[in-house]
Amino acid sequence: MATAEFELIGRYFASLGGGDRIALGIGDDAAVFDVPEGEQCVVSTDTQVEYVHFFPETLPEDIAYRAVAAAASDLAAMGASPLGMTLALTLPEADELWLHGFSQGLAAAVRDLALPLMGGDTTQGPLTITITVHGSVPRDAAVTRGGARPGDRLCVTGTLGDAAAALALQRGELSGDRLPEAEDVEWLLSRFNRPIARFEWLSFLRAHGSAAIDISDGLLADAEHIAAASGVALTIDSTAIPLSDALRRAAPSEARLFEWALGGGDDYELLCTVPAGCQIPDGLAVIGEVVVGQGVQIDRPTSGAGGYAHFN
Ligand code: ADP
Ligand code: MG
């Protein structure tokens, strides 16, 4: 590799590796890491492209953090604990200020999510960040989209629609007298820029989750994925969907509020199904149930809440 590239990796990325599981991190042809005894490796990859997944004015700290959280969220949704990650970074130029900010955000994510940076690839081109996360689950304990059974309850973590509202704010879709208070704007933007991969639900999911998915395309779209993979229908009670106060205050209408909550991706909350007998802990909202049939049924109109799809 060229000296400049080597220096850049050394300066910004080499210190983000390490940890007792990493036998060999950044610097060789590949990384070597330990998977806990008796567990299976779980891998997921996620790409963020400028103009598609984030705006050019997004801070490099946030671009990095969000890229890792979005990828890590897939591990959480499988019931997998984090082991480490790799980063494929395509940059238009080696902008030191940008790289400094980016590595700060990456460092915060490494810390928050316990995902040491084990390696990667650095290339020149349009700004693109690909994160591959590696995790593990006890053998055959991965929580898939396919295990929901009639009688189970449908549950969700956190609040929904916040990131979609942040997107609308960034696009300048909310304006005039209806612009939310600065405090609400800031909070909603932080929900978009600093999503939380819900590893805090790992032990609950492993013990009780019959199916799970992280909400990256929108509640309805991702509920459809569970329904299809499990061969069941899901019914959703819209009044039970957890909504933040900031979102309620920011929404110019009830229609818009539910458009965000039902169709907005990027919240990275977990949607899971739990057998009927199981006690539901605080922080998990029951929003519906699993029944015989197919598809997702909800008690309100869903126009404009189709979820995000590329190539449409
Ligand atoms: P190779 O040519 O053998 O594929 P590279 O020259 O691409 O190796 O990378 C050298 C080392 O630096 C490898 O250990 C690789 O994992 C690491 N690396 C390259 N780019 C990054 C990056 N953006 N983040 C973390 N590690 C990286
Ligand atoms: Mg090599």
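As the structure lists them, so they are numbered: ligands from 1, and atoms in each ligand from 1.
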Peer 1: Within the structure, does Asp121 bring an N/O atom to less than 3.5 angstrom of an N/O atom in ligand 1?
Peer 2: yes
Peer 1: So, for Arg153 and Pro275, which heavy atoms are closest and what is the spacing to 0.1 Å?
Peer 2: NH2-O, 3.3 Å
Peer 1: Would a distance-only check, ignoring hydrogens and angles, find a side-chain to backbone donor-acceptor pair under 3.5 Å from Arg191 to Thr159?
Peer 2: yes
Peer 1: Quick one: which ligand 1 atoms are inside 4.0 Å of a heavy atom on Ile26?
Peer 2: 12 (O), 14 (O), 17 (C), 25 (C), 26 (N)
Peer 1: For the residue pair Thr132 / Thr45, report whether a side-chain donor-acceptor contact shorter than 3.5 Å exists.
Peer 2: yes
Peer 1: Let me see the working for Leu117 and Met85 under side chain to side chain contact (heavy atoms under 4.5 Å, CB included), right down to the final yes or no.
Peer 2: CA-CA 5 Å; Leu117 184 63; Met85 64 172 161; 4.1 Å; yes
Peer 1: Parallel, tilted or perpendicular: which describes the rings of His208 and Phe204, with under 30° parallel and over 60° perpendicular?
Peer 2: tilted
Peer 1: Check each of Thr122, Thr130, Asp28 against atom 13 (C) of ligand 1 and report the one with the nearest heavy atom.
Peer 2: Asp28
Peer 1: Rounded to the nearest 0.5 Å, what's the gap from CZ on Phe102 to CZ on Phe13? Could you check?
Peer 2: 5.5 Å
Peer 1: Examine the proximity of ligand 1 to Ile9 and report which part, side chain or backbone, both or neither, has a heavy atom under 4.0 Å away.
Peer 2: side chain
Peer 1: Give the contacting part of Thr86 toward ligand 1: side chain, backbone, both or neither, where contact means a heavy-atom distance below 4.0 Å.
Peer 2: neither
Peer 1: Do any nitrogen or oxygen atoms of Gly27 come within less than 3.5 Å of a nitrogen or oxygen of ligand 1?
Peer 2: yes
Peer 1: Just which atoms of ligand 1 are under 4.0 Å from any heavy atom in Asp29?
Peer 2: 3 (O)
Peer 1: Of all the atoms in ligand 1, which lie at a distance below 4.0 Å from a heavy atom belonging to Gly119?
Peer 2: 16 (O), 24 (N), 25 (C), 26 (N), 27 (C)
